[in-house]
Amino acid sequence: MEEASGICSENALEDCVDSCVWAGGQSTTIFRKNIIGDTEGCAVMLAEYAKVTVDENTIQGKHVNGLQAGDYADCIVKNNTITKSSGSGMVLHDHSTGFFTSNQIIGSSLAGVGIRDHSEPVFSLNSISEGLGSGLVLLGNGCGVIERNRIFKNRCAGIGLKGFSQALFESNFVSANEGYGIWLQDDSCGSFQNNSIEGNGKAGFAVSHRAHPHVYGNSIVGGKQIGILLQNDATGEYENNKVSSNRTTNVLLLGRCKGVFVKNHISDSAGGGVLFRGDSKCILKRNMIEGNNRANVAVLDRSQPFLEENVIQGGNGRGIVVTGNSAGEYVGNIVRMHHLAGVYVGGNAEPKMVCNIVADSGASGVVVEDHARGCFSNNSMIGNASAAVAVQGFASPIMERNVVLHNGRGGIWLGEKAGGVFDGNYVEESKSGWRIGHEVTAKVLQIPKNSPKCYTADEFQDRIIQAIKGCTSCIHSEKIVLVENPGGSCAIPALGTSVEESWPTISVQNVAG
């Protein structure tokens, strides 16, 4: 009732035609420790500037929404238990605000919590679980502060944003949801900081349809499919996140997405580290990408990424794979200690690779084959077990001013029918410094007799360590050459052995929440 006050406590309320509790008109009543059962409407309805407190109530039985707040209501809702709503556990709409804390919302048929129509609550320390829809959903310019909540075991997404919604999401635990952990679409945004996103069924963090979040300092681990997924014109900034041990791939970039990834740690996926597909044009800068199977970075289809000053190391397959009709720029990266090739370029790919270090590969350092082209300049290939550079098939790259120090089996090897231009490259002298096959059409020009400035092994290792610390590389402007064998390479014979790759065909349909 209008401007009502007082306390309503320890009542059993049920079998109501409309709502069991209704408050509006700037009412300040306290509703405490009531048991609310069957009703044909919402169990608790807060409207028209209500300022009530709803505390320690149990909302059960048959009802539509457990608690609904709208029309500029500004209430305190705490310590309540809401179970098995036929609609949502809580719905906030029409500019409602307030403080919602320490509530348990269990088994809702729709969203556990829905925030929409310019509502702006503070939602803290709540538990939202076991719903038949998503856990917490923001729609139609919904916003607010969402912090320290536990959102788990919901059938769809843990958190979903749509329709220009935005909010601050901080220190939430989002786990074991059957769909996405967090899903943004339709121009939504928001800031996501220090959240733990674990063991979700599809992507841990999914962004699509022009959504553009800021994602900082989150842990996205142990997903059954994907860690971070961008698709359909998604953008956003992703910084200082841990993305690890997601089964299909840690980061999947689809369609025309253009996200920026800085200083993330991306590791230990059985399916791969970062996979570009479609026409993606994302930027990766100063990330640590390590220990992923198959490839730490794979660039497929027509993707054109920009990779700068990343440390890419320790994979059980290849370091960087560029194939299909893809291209992109790769500048100042350290690519080292892979079981197969450090860099593999195939198909009709045409990348530009400048000032990278490719070291300690178990096979060749750089392999270019099929009909691939591209420009490779001012790179250092060091200590690779097979060829430093292997060009085969009908590949025709341009390679200029690169430095090759063997410490392995060979320097630059050109297989039968290889083409391209090789100008001003320094190859340390040995019996197999240059190996040129039959019917080679490549132009080999200006082979310098003297090496550019060389660093000692210790200086080289110091620069590797500097790059690893915060992934801040100083190799962008000058080449780094190792003059001693670092050892430890496991020789795998063959000239850039081609390993058949079968990358997952992942569409919007089979990853949708």
Side-chain angles (χ1 to χ4, degrees), residues 317-323 330 335-351 353 356-449 451-452 479 481-482 485-486 489-501:
R318 293 164 171 160
I320 299 176
V321 172
V322 187
T323 189
Y330 308 78
V335 185
R336 65 177 193 148
M337 298 190 303
H338 293 90
H339 285 192
L340 300 176
V343 174
Y344 172 87
V345 183
N348 294 297
E350 193 171 358
M353 295 193 172
N356 302 285
I357 291 177
V358 183
D360 301 330
S361 302
S364 297
V366 177
V367 176
V368 187
E369 65 178 14
D370 300 331
H371 293 271
R373 299 178 299 282
C375 181
F376 302 77
S377 62
N378 297 303
N379 301 288
S380 296
M381 278 69 76
I382 303 158
N384 299 288
S386 190
V389 177
V391 182
Q392 54 198 30
F394 295 91
S396 56
I398 297 172
M399 292 199 169
E400 300 175 320
R401 300 180 303 279
N402 299 288
V403 172
V404 173
L405 296 184
H406 303 308
N407 300 325
R409 292 178 55 205
I412 296 178
W413 294 355
L414 307 182
E416 293 185 5
K417 300 182 180 179
V421 176
F422 298 79
D423 188 4
N425 301 287
Y426 172 78
V427 181
E428 184 181 63
E429 292 185 9
S430 80
K431 293 181 180 179
S432 59
W434 285 87
R435 182 181 293 178
I436 300 177
H438 297 292
E439 300 183 42
V440 169
T441 61
K443 295 181 179 179
V444 180
L445 309 170
Q446 187 192 350
I447 304 174
K449 295 182 179 179
S451 169
K479 297 184 292 296
V481 179
L482 182 65
N485 185 0
S489 294
C490 177
I492 298 177
L495 171 59
T497 305
S498 177
V499 176
E500 185 70 21
E501 300 280 11

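We use all heavy atoms of the structure for the numbers below, so side chains are in, but hydrogens, waters and symmetry mates are not.
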| said: Please report the interatomic distance CG(Asn348) to NE2(His371), rounded to the nearest 0.5 Å. | reply: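 It is 6.5 Å, given to the nearest 0.5 Å.
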
| said: Applying side chain to side chain donor-acceptor pair (under 3.5 Å), can you list everything that pairs with Glu350, at least two apart in sequence or on another chain? | reply: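 Glu350: side chain to side chain donor-acceptor pair (under 3.5 Å) contacts with Arg373.
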
| said: I'd like to know if the side chain of Asp370 and the backbone of Gly347 have a donor-acceptor N/O pair within less than 3.5 Å. | reply: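 Yes, the answer is positive, given that a donor and an acceptor are paired below the 3.5 Å cut-off.
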
| task | Please confirm whether the backbone N or O of Asn402 pairs with a side-chain atom of Asn379, one donor and one acceptor, at under 3.5 Å? | result |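 Side chain of Asn379 to backbone of Asn402: no pair is present.
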
Please tell me if the side chains of [X] and [Y] come closer than 4.5 Å, counting only heavy atoms from C-beta onward.
X      : Y      : answer
Glu369 : Tyr344 : yes
Ile357 : Arg336 : no
Phe376 : Val389 : no
Val367 : Arg318 : no
Pro397 : Val391 : yes
Phe422 : Leu414 : yes
Met399 : Val368 : yes

| Under the salt bridge (charged side-chain N to carboxylate O under 4.0 Å, His left out) rule, what pairs show up with a residue in residues 375-385, not counting sequence neighbours? |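 Qualifying pairs, neighbours excluded: none.
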
Which pair of heavy atoms, one from [X] and one from [Y], lies closest together, and at what distance?
X      : Y      : result
Ser361 : Gly342 : OG-N, 3.2 Å
Asn384 : Ala388 : ND2-CA, 4.4 Å
Val427 : Gly411 : CG1-CA, 4.1 Å
Ser364 : Ala390 : OG-CB, 4.1 Å
Val366 : Met381 : CG2-CG, 4.0 Å

| message | For Val343 and Tyr330: C-alpha separation, side-chain torsions, deciding distance, then whether side-chain contact (heavy atoms from CB on, under 4.5 Å) applies. | response | CA-CA 11 Å; Val343 174; Tyr330 308 78; over 6 Å; no

